[in-house]
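First comes the structure, then the notes that go with it.
These values consider heavy atoms only, across backbone and side chains, with no hydrogens, waters or symmetry-generated copies.
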Amino acid sequence: MNRLFTVLSLAFIGLIAANCNKDDSPSGPSVVDLRDRAEVKQENEASIEAYLKSHYIKEEGDIITFEAIKNSEPSIWDDSRLVKDFVLKSDMYDFEPIRNPNGTSSLKYTKPKDELQYKVYYLVINEGKGDRASTIDSTYVKLNNLTLRNEEFNPNFPGKYYTFPTTPKDFMNISNGQYSKVPGQLRSAERQLLTKIKTATGIKNGEDGLPTYDKGSAGRIIAFIPSGLGYFNAGAGSKLKSYEAYIADITLINRLERDHDGDGILSKYEVKVQKPVEELTLEDYFGFDTDGDGIPNFLDDDDDGDGVLTKTELFKERVDGVNIYYNFDDPALKTCNDIPRYLDKSCFPDQKDGEIIWPKK
């Protein structure tokens with residue numbers, strides 16, 4: 001266990017180091033000093049607004065490009081689809097490895113240090129015809145990013161799966177160098193904006209493993225993103241410089257609901273107040289921490305901190321060699337009082353002849 005915790009700690013340090021900005025020059029990495037976020041925010045707002053007023057959208061079928069105004073073309077600023085009054089906060093929670101009382105290792109999460117509210121301009125090109133996505137669903141997204149100089153960077157055609165947040169399992173794969181097993185993550189604004197559109201319909205896995213879907217059914221949104229919700233001081237490759245705003249052209253193709261901690265409860269249900277998934281924010285998820293250990297329930301395999309795994313507390317019976325579990329909201333889980341036993345630290349089972357016996361009201 002000491003070795004595991006050490007590995008997690010070293011991996012955490014490695015992740016921090018990996019966030020340092022590197023350029024493409026032969027001289028190697030360049031160090032970019034951190035600037036005041038409020039100052040950068042104001043600069044980005046000005047540059048985005050100037051771009052919106054000096055460029056127009058050229059649409060030819062599914063192909064969308066941005067051109068500088070030359071002959072009185074209607075600007076993006078005057079496009080009736082442009083939403084101008086939308087604000088977002090960063091939801092990139094920090095984390096650090098910790099050792100749990102039951103001997104396992106996990107990640108402790110803390111609120112983002114950046115509390116600024118950022119103005120994000122966006123246009124919904126196509127709302128989509130499928131399902132709404134949550135901010136923590138795994139999503140299959142086609143993404144094309146552009147600088148405000150119309151230079152393309154980090155395209156991912158024909159798309160890939162993204163997930164959030166980093167889980168202990170993801171962290172272990174990173175620590176073991178198994179990066180191919182670690183899903184990518186969208187930038188904060190990119191991920192939050194997915195709640196404005198819907199997935200495609202008629203989704204199937206093609207012969208090449210890539211999803212196919214009904215033409216014109218995938219949601220698509222174009223957003224103008226300040227660096228505070230994007231790459232900030234890191235930049236991206238040689239095109240997007242540090243502290244620059246950028247354009248994200250996002251198509252949402254599919255979503256997969258997740259059980260992040262593997263406790264048998266879908267993460268969308270591990271919130272204090274049940275809401276439609278598109279209304280749930282990361283504060284709803286991270287704010288529900290029954291045992292107050294810094295690990296929210298949707299990432300905690302022992303929600304009440306009593307040393308008994310949540311999945312064990314959900315166990316119902318074994319039939320033909322298969323374990324059967326209660327649904328998270330089954331009244332039968334209220335064995336001690338009116339609180340489900342997996343959320344009640346005082347509700348603890350006995351064991352007799354290898355069988356778990358729960359107390360009754």
- [ ] Please assess Q192 against S188 for the test side chain to side chain donor-acceptor pair (under 3.5 Å), listing each intermediate value before the final yes or no.
- [x] CA-CA 6 Å; Q192 292 186 72; S188 179; 3.0 Å; yes
If the threshold is 4.0 Å, N to carboxylate O, is there a salt bridge linking [X] and [Y]?
X: R191; Y: D91; result: yes
X: D94; Y: K113; result: yes
X: R220; Y: E59; result: no
X: D293; Y: K108; result: no
X: D284; Y: K275; result: yes

Does any part of the side chain of [Y], heavy atoms only, come nearer than 4.5 Å to the side chain of [X], both counted from C-beta?
X: I57; Y: I64; result: yes
X: R341; Y: Y326; result: yes
X: R81; Y: I125; result: yes
X: L146; Y: D249; result: no
X: V308; Y: P349; result: yes
X: E127; Y: K198; result: yes
X: E244; Y: Y231; result: no
X: L52; Y: S75; result: no

TODO: For this output row, return yes or no: ring centroids of F224 and Y122 closer than 6.0 angstrom.
DONE: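 They do not qualify: ring centres at least 6.0 Å apart.
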Task: Between Y269 and F328, ring centroids under 6.0 Å - done: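 Yes, the ring centres sit under 6.0 Å apart.
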In the single-linkage hydrophobic clustering (I, L, V, M, F, W, Y; side-chain heavy atoms under 4.5 Å), do [X] and [Y] co-cluster?
X: L229; Y: L82; value: no
X: I48; Y: I222; value: yes
X: F164; Y: L107; value: yes
X: L266; Y: Y342; value: yes
X: I295; Y: I265; value: no

Task: Worked verdict on V141 versus I250 for side chain to side chain contact (heavy atoms under 4.5 Å, CB included) - done: CA-CA 7 Å; V141 169; I250 309 167; 3.6 Å; yes
Open item on the list: Rounded to the nearest 0.5 Å, what separates atom NZ in K196 from atom CD1 in I221?
Closed with: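 Result: 8.0 Å between the selected atoms.
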Task: Gap between atom CZ of F315 and atom CD of E317 - 0.5 Å precision - done: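 So the CD of E317 and the CZ of F315 are separated by 7.5 Å.
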Task: Stepwise side chain to side chain donor-acceptor pair (under 3.5 Å) test for N254 and Y161 - done: CA-CA 9 Å; N254 196 14; Y161 270 107; 3.1 Å; yes
Enclosure of [X] [atom1] (heavy-atom neighbours >12, cutoff 6.0 Å):
X: I357; atom1: CD1; value: yes
X: E151; atom1: CD; value: yes
X: Q42; atom1: CD; value: no
X: E39; atom1: CD; value: yes
X: K53; atom1: NZ; value: yes

Open item on the list: Quick check on side-chain contact (heavy atoms from CB on, under 4.5 Å): which of L282, T110, L299 does Y93 satisfy it with?
Closed with: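 Among the candidates, only L282 passes.
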Polar side-chain atom of [X] near backbone of [Y] as donor-acceptor pair, under 3.5 Å:
X: D259; Y: G264; value: yes
X: T290; Y: D304; value: no
X: D170; Y: P183; value: no
X: D291; Y: G305; value: yes
X: D302; Y: G307; value: yes

Between [X] and [Y], do the side chains contain an N or O donor and an N or O acceptor separated by less than 3.5 Å?
X: D79; Y: Y56; value: no
X: Y51; Y: N150; value: yes
X: S267; Y: H260; value: yes

Task: Geometric class of the F298/Y285 ring pair [parallel <30°, tilted 30-60°, perpendicular >60°] - done: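 Plane angle between 30° and 60°, so tilted.
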Open item on the list: In terms of relative ring orientation, are F153 and Y246 parallel, tilted or perpendicular, with 30° and 60° separating the classes?
Closed with: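 Plane angle over 60°, so perpendicular.
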Open item on the list: Looking at every heavy atom in both P296 and D289, which two are closest together, and how far apart are they?
Closed with: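 Closest approach of P296 to D289: CA-CB, 4.2 Å.
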- [ ] Return the minimal non-hydrogen interatomic distance between E257 and D137, and the atom names on each side.
- [x]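 That closest heavy-atom pairing would be CA-OD1, 3.7 Å.
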- [ ] May I have the step-by-step check of side chain to side chain contact (heavy atoms under 4.5 Å, CB included) for K41 and E45, ending in yes or no?
- [x] CA-CA 6 Å; K41 171 179 173 286; E45 286 182 2; 3.2 Å; yes
Open item on the list: Given the ring of F286, does K111 sit roughly above its face, with NZ or CZ under 6.0 Å from the centre of the six-membered ring and within 45° of the axis?
Closed with: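 Not flagged: K111 not positioned over aromatic ring of F286.
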